[in-house]
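Since the structure is predicted, the reported quantities are computational estimates derived from the model, not experimental observations. So that the names make sense, note that chain A is the first sequence line, chain B the second, and so on, each numbered from 1.
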Number of protein chains: 2
Amino acid sequence: MATVLLFVAMPDYDGAVTEATNSGAATSPAKRGRGEKSSPTIYDIARLAGVNPSTVSRALSKPGRVSAKTQKIIEDAAEQLNYQVNPFARALPTGRTQTIGLIVADITNPTFFDIIRGAETTGSDRNYTLVLAESAESPETELIAARRMLSTVDGLILASPRMDDERIRALAADKPVVVINREIVGVPCVVPDVNKGISQAVRSLAANGHQQLAYVAGPPQSWMSGRRWEGVQAACDWYKLGAVRLESSKPTVDGGRQVARDVLASGATAVITYNDLLAIGLMQELQAAGVQVPDQISIVGFDDIFGADFTTPALTTVRSPLGECGSRAAALLLDMLLGQEGPVEAVRVDTELVVRGSSGRLIA
Amino acid sequence: MATVLLFVAMPDYDGAVTEATNSGAATSPAKRGRGEKSSPTIYDIARLAGVNPSTVSRALSKPGRVSAKTQKIIEDAAEQLNYQVNPFARALPTGRTQTIGLIVADITNPTFFDIIRGAETTGSDRNYTLVLAESAESPETELIAARRMLSTVDGLILASPRMDDERIRALAADKPVVVINREIVGVPCVVPDVNKGISQAVRSLAANGHQQLAYVAGPPQSWMSGRRWEGVQAACDWYKLGAVRLESSKPTVDGGRQVARDVLASGATAVITYNDLLAIGLMQELQAAGVQVPDQISIVGFDDIFGADFTTPALTTVRSPLGECGSRAAALLLDMLLGQEGPVEAVRVDTELVVRGSSGRLIA
DNA sequence: ATCAATCTGTCAACCGGTTGCCACGGATTG
DNA sequence: CAATCCGTGGCAACCGGTTGACAGATTGAT
């Protein structure tokens, strides 16, 4: 049930970062349990400024609703007390929490780092806090996390969700939802358009003399793995390469190692894997078996994760603009929160081939 | 002002994950703005169960306060309505938010992944939500984030904080604070005890014939970088190696590349770096310059981050048990929230050398 | 000068739980 | 049998903001 919150920025009055001066004004009358000096409220400000609390509330959150003069007095008082709104108190009557949720399969999977970063940055710019939940790759956990979060956030981003379409549509009926890395009819989606990157990769491999290619697939329930296989097939058709699909046990370095035998047995001289971790594991195992990369086999990964260039040779990979996906998804969601309709069609972002050392001319 | 929340688990009644049935009971009377079916409240449950709302509140959060019979009736009603507490409503009167904060310098820095994971897991086990904030390596941003979070969370964990001791102590006076990767008098700390791992590393290098060692330092304001240098000096004294300290421009792969010239110029045949990223960059640059690793120069990193074994040769490194640090810090914090005093002395966790391929016998 | 329209601030209800205090009824005790 | 105690549930105030309704003050138009 793990969940992470990207706490972007508080949506409100931003007191100076000086030490609380407590100058002049009577100390907050609140009971202080044990050493807990409870922070000032709009009631404290109201008393100090000589106005009604509701006027304070309006001055601080409804620009233009009160006169410039009163506004000034209240802002000064707020600054003097080093006031910060209580987000809980604000969320209670309004239902607006100024947070958006993001559910990823695995916090420690580098694929998601950039998505998180992108969503966080965009949310931050618009004064939204990002709440990040982990589903541990399980559809059930994912659903539970989503349900839980939905009551706490204004909108939700699902990155590579594992739930079925129906459940996602049900969630989307409740509150704004944006999906990353998967297309679902009726739900706004942001997906990398893999075809461009795959075309570049296959063309590059063909140009280097390869004729037989293997695709190492990801988890069967991964929508994206299916799209990538389709893209590989189409590109191989076009460039006249043979294409064979191999299954992996899991989309990790270990899974990549395990699939090495099958790759060799397939007779392919070029491999495209579902993700970079598979590619790295595969390369390690092949090298351990004495196979030269890229002289005997070229390897192309997918995503361009952190560490993809740590290997020797560095990994050639189809980069997914994950950061942009996160950013676009957050922007979309925020627009929806402002009352705009979500796009009917999926938003596509381009992928591109990053050529490093693990792919090259076939030396027969 | 980036901040991330690890949203661990809701501290409360856990409705079944079936679709809301809405069976029998009158639909919630709440106004439903536009399609927003507001979730059921304890008032709905009270009506359905024929009791007072306060009784519902007690049944769901004060075990033993109501009779077993009433308890059952209320729990059934809650399940039927698929009730979930509203965290905001709960936080408002109590001040307890069931969240703990964690501030890290950089979300995308793999060093922190395990800390996050560890804190998240431990928090999750105790029904706490972890709020993760990013300081972007800036002391000012860090302070602002900490101030902001402090009003929202029950306690705070600072991982490798960049603020000065005074400010941290000030925060700790407000609410429970635990520091990771740094020692501050008067504040509970969890720090890897680097000496054991460094001793092992230096002994291993000495045994392999090395006589001159270089330490590539991290950021000047990093407390931990200083401790590691001290540890290296002490171990080199003991094992009779010469030790020289080199400065890096930044603790990244790039920084590692840039320091390669200085390493060669220093005449050292073994290098210990402040972190793994520096080690990886250094190794890449040395190899590009035709230097054999480990035959001509041995390289030992620090931390054992994700990807440290992607390199060829795989990186030898002193592993910091970052996950354990996160976990211990969270446990400490939660204990403090339960009224126990924090430990007076820093909690130390062991480090150990992980020997891989980048270190070995010197071939002169 | 009169009346309407606009601006500005106040009042009070409300969001959804929590909790101190009290009352009621049954069990215990002298 | 009366006095006391305890277990249980209800009442109402409260946490700290938000907001619809409204009234007094200004302003402008006629």
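The listed nucleotides are C:dG16, C:dT18, D:dG16; the one nearest the side chain of B:Ile42 is C:dT18. Comparing atom distances between the A:Thr55 side chain and each of C:dG16, D:dT18, C:dG9 picks out C:dG9 as nearest. Side chain of B:Val85, nearest nucleotide from C:dT19, C:dG17, D:dG9: C:dG17. Between D:dG17, C:dG16, D:dT19, one nucleotide has an atom nearer to the side chain of A:Pro93 than all others, and that is D:dG17. Relative to the side chain of B:Asn52, the nucleotides C:dG16, D:dG17, D:dG10 differ in distance, and D:dG10 lies closest.
Applying the salt bridge (charged side-chain N to carboxylate O under 4.0 Å, His left out) criterion to B:Lys62, with sequence neighbours excluded, gives no partner residue. Qualifying side-chain contact (heavy atoms from CB on, under 4.5 Å) partners for A:Leu92, counting only residues two or more places apart in sequence or in other chains: B:Asn86, B:Ala89, B:Leu92. For A:Arg58, the side-chain hydrogen bond (donor to acceptor under 3.5 Å, both in side chains) criterion is met by no residue, not counting sequence neighbours. Contacts of A:Thr94 classified as side-chain hydrogen bond (donor to acceptor under 3.5 Å, both in side chains), with partners at least two apart in sequence or in another chain: none. For A:Pro139, the side-chain contact (heavy atoms from CB on, under 4.5 Å) partners are A:Arg162, not counting sequence neighbours. Under the rule for a salt bridge (charged side-chain N to carboxylate O under 4.0 Å, His left out), A:Asp154 has no partner lying at least two apart in sequence or in another chain. Here B:Ala49 pairs with B:Val51, B:Ile73, B:Ile74, B:Ala77 under the side-chain contact (heavy atoms from CB on, under 4.5 Å) rule; sequence neighbours left out. By the side-chain hydrogen bond (donor to acceptor under 3.5 Å, both in side chains) test, A:Ser327 pairs with A:Thr122, sequence neighbours left out. Qualifying side-chain hydrogen bond (donor to acceptor under 3.5 Å, both in side chains) partners for A:Asp106, counting only residues two or more places apart in sequence or in other chains: A:Thr108, B:Arg117.
A straight line from CZ of B:Arg90 to P of D:dC15 spans 19 Å, rounded to a whole angstrom. As a whole-Å value, the separation of A:Ile73 CD1 from C:dT8 C1' is 13 Å. Atom NZ in B:Lys69 sits roughly 11 Å away from atom P in D:dT8 (whole-Å rounding). Per the geometry, CD1 belonging to A:Ile74 stands 13 Å off P belonging to C:dT8, to the nearest Å. One can place CG of A:Leu92 at 17 Å from P of C:dA13, the figure rounded to the nearest angstrom. Atom-to-atom, CD of B:Gln98 to C1' of C:dG17 comes out at 14 Å; the value is rounded to the nearest Å. Here D:dG10 presents its P atom at 14 Å from CZ of B:Arg47, a figure rounded to the nearest Å. A straight line from CD of B:Gln84 to P of C:dG17 spans 11 Å, rounded to a whole angstrom.
Residue A:Ser61 places at least one side-chain N or O under 4.0 Å from the OP1 or OP2 atom of D:dT18. Contact check, B:Arg96 against C:dT19: a side-chain N or O comes under 4.0 Å of OP1 or OP2. An OP1 or OP2 oxygen of D:dG16 is reached within less than 4.0 angstrom by no side-chain nitrogen or oxygen of A:Tyr83. Phosphate contact (OP1/OP2 of C:dT8, side-chain N/O of A:Thr70, threshold under 4.0 Å): absent. OP1 or OP2 of D:dT18 has not a single side-chain nitrogen or oxygen of A:Lys62 nearer than 4.0 Å.
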Hey, what are the protein-to-nucleotides 20-28 of chain C N/O distances that come in under 3.5 Å?
{"residue": "C:dG20", "atom": "O6", "partner": "B:Arg58", "partner atom": "NH2", "Å": "2.5"}

N/O to N/O distances under 3.5 Å, protein versus nucleotides 24-27 of chain D:
none

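Between B:Val56 and B:Tyr43 the shortest side-chain heavy-atom distance does not fall below 4.5 Å.
Between B:Lys72 and B:Glu75, none of the side-chain N atoms (NZ, or NE/NH1/NH2) sits under 4.0 Å from a carboxylate O, so this pair counts as no salt bridge. Note on A:Arg126 versus A:Asp335: salt bridge recorded, some NZ/NE/NH1/NH2 to OD/OE distance being below 4.0 Å.
Note on A:Phe88: nothing from the nucleic acid sits closer than 4.0 angstrom, heavy atoms only. Using a 4.0 Å heavy-atom cutoff across all strands shown, A:Thr41 reaches sugar-phosphate atoms only and no base atom. Residue contacts for A:Val51: at a heavy-atom cut-off of 4.0 Å it reaches the sugar-phosphate backbone alone, with no base atom in range.
In this structure, B:Glu142 contributes its side chain and B:Ser135 its backbone to no donor-acceptor pair below 3.5 Å.
Both B:Thr94 and B:Gly64 lie near DNA chain D, and the one whose nearest nucleotide falls closer to the 5' end is B:Gly64.
Using five terminal pairs a side, the axes of the helix from C:dA1-D:dT30 to C:dG30-D:dC1 at its two ends make an angle of 40°, given in steps of 10 degrees.
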